[in-house]
2 protein chains.
Amino acid sequence: MTKKKEHLDCLNTVKPVRDALDVISGKWKLLIIISISVGNCRFTDIQESIPGITPRALAKELKDLEHHMLIKRLIVESYPIKISYTLDDYAKSLTPVIDALKDWGINHQKKLDGNKLIDSKEISS
Amino acid sequence: MTKKKEHLDCLNTVKPVRDALDVISGKWKLLIIISISVGNCRFTDIQESIPGITPRALAKELKDLEHHMLIKRLIVESYPIKISYTLDDYAKSLTPVIDALKDWGINHQKKLDGNKLIDSKEISS
DNA sequence: CCGTATCCTGCACGATACTG
DNA sequence: CAGTATCGTGCAGGATACGG
């Protein structure tokens with residue numbers, strides 16, 4: 001059956017897509033990457049730059065991101081202990097993914113907005 | 001400050017990215033899109049093509065996907081009622097997104113596998 | 001055949017307090 | 001400063017049964 005083969009090919013797509021989604025989805029991951037990318041490298045700095053995040057959440061997400069090799073954790077001073085988080089070069093490989101998601105998200109939002117305008121002509125600024 | 005501006009630009013990225021993730025993340029959405037894309041168009045067919053999915057889950061996801069204009073729901077016969085689900089042309093716009101995620105996911109898995117080998121060597125030594 | 005209706009469970013995520 | 005430790009909660013998703 002050709003259908004079965006096609007189905008299998010598609011499942012070969014689903015797995016890596018899910019792997020990728022696991023890495024970048026979630027409430028904080030992108031925000032943390034962004035915060036580090038603009039120069040925040042200390043735990044407390046990152047925490048203060050992301051309204052609403054708790055130290056528990058930040059610690060967990062930082063570990064995840066480090067495990068996925070998207071950020072690096074460096075001890076820069078042992079007493080008093082100081083840590084520096086930086087983006088790994090590997091994080092750059094995410095650029096096409098982020099861009100594709102961003103472009104589609106913008107376009108999709110426009111499409112949804114267009115639909116809303118049909119219902120109500122209110123435009124919020 | 002230029003930092004503040006950069007930070008703002010990045011937040012302008014986060015929102016559409018999250019919008020996009022909301023649409024395609026989740027346990028079943030991609031599988032359903034795939035199932036329909038290979039020719040399954042009846043509720044029961046789709047259900048049987050995706051091992052483990054319950055009617056409740058399928059119904060919910062189909063509604064979401066329809067709301068996001070990725071699939072179309074057509075009543076093809078009123079008694080006994082028969083429904084046909086098809087991919088909306090708009091779903092094609094997701095292709096670059098899926099491809100980017102897939103490529104990155106494949107590459108990332110390779111990278112993790114490579115690292116595992118290093119880790120296990122370090123541990124065993 | 002195409003779904004709803006109930007009920008249930010796990011886990012992502014939060015609040016708050018505390019420590020080397 | 002850079003995190004843990006505890007405790008708590010909401011909600012995505014599951015099991016099972018039933019209805020038009």
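When reading the values below, keep in mind they use all heavy atoms of this one structure, side chains included, and skip hydrogens, waters and symmetry mates.
Residues from residues 68-80 of chain A that place a heavy atom under 4.0 Å from any atom of DNA chain C: there are none.
Judged as a side chain to side chain contact (heavy atoms under 4.5 Å, CB included), and not counting sequence neighbours, the contacts of A/Ile106 are A/Lys102, A/Lys110, B/Pro16.
Residue A/Ile83 comes nearest to A/Val76 through the heavy atom pair N-CG2, 4.3 Å, listed as atom of the first residue, atom of the second, then distance. Taking all atoms of both residues into account, the shortest heavy-atom contact from A/Asp22 to A/Lys29 is O-NZ, 4.2 Å. The two residues A/Ala100 and B/Pro96 have their closest heavy-atom pair at CB-O, 4.1 Å.
Straight-line distance from the CD atom of B/Glu48 to the P atom of C/dC2: 10 Å, rounded to whole Å. A/Lys63 places its NZ atom 15 Å from the P atom of D/dA2, with the value rounded to the nearest Å. With rounding to whole Å, A/Gln47 atom CD is found 11 Å from D/dC1 atom C1'. When rounded to the nearest whole Å, the span between CG of B/Leu62 and P of C/dC2 equals 11 Å. Straight-line distance from the CG atom of A/Asp64 to the C1' atom of C/dA12: 11 Å, rounded to whole Å. Between A/Leu58 atom CG and C/dC13 atom P the separation is 13 Å, expressed in whole Å.
Between the side chain of B/Ser37 and the backbone N or O of B/Ile34 there is at least one donor-acceptor pair closer than 3.5 Å. Listed for the A/Ser35 side chain is no donor-acceptor partner under 3.5 Å among the backbone atoms of A/Ile32.
The stretch residues 40-63 of chain B participates, sequence neighbours left out, in no ring pair (Phe, Tyr, Trp, His ring centres under 6.0 Å) pair at all. Identified under the salt bridge (charged side-chain N to carboxylate O under 4.0 Å, His left out) test for residues 32-51 of chain A, with sequence neighbours left out: none.
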Item checked: Bracket string, DNA chain C, 5' to 3' - pairs by Watson-Crick or G-U geometry under 3.5 Å, | interstrand -> |.||||||||||||||||||
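Closest approach to the A/Phe43 side chain among C/dG3, C/dC2, D/dG3 is made by D/dG3 (side chain taken as heavy atoms from C-beta onward).
Side-chain contact annotation: A/Ser25 with B/Ser25, donor-acceptor N/O pair under 3.5 Å absent.
Using a 30° and 60° split on the angle between ring planes, B/His108 and A/His68 fall in the tilted class, from 30° to 60°.
With a 6.0 Å radius and a threshold of 12 heavy atoms from other residues, nucleotides or ligands, A/Ile75 has its CD1 atom at or below the threshold.
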Checklist line | Nucleotide-resolved protein contact map, nucleotides 10-20 of chain D, B/S/- at heavy-atom distance under 4.0 Å | finding: ---BBB-----
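Taking side-chain N and O atoms only, A/Tyr85 has no distance below 4.0 Å to OP1 or OP2 of D/dC1.
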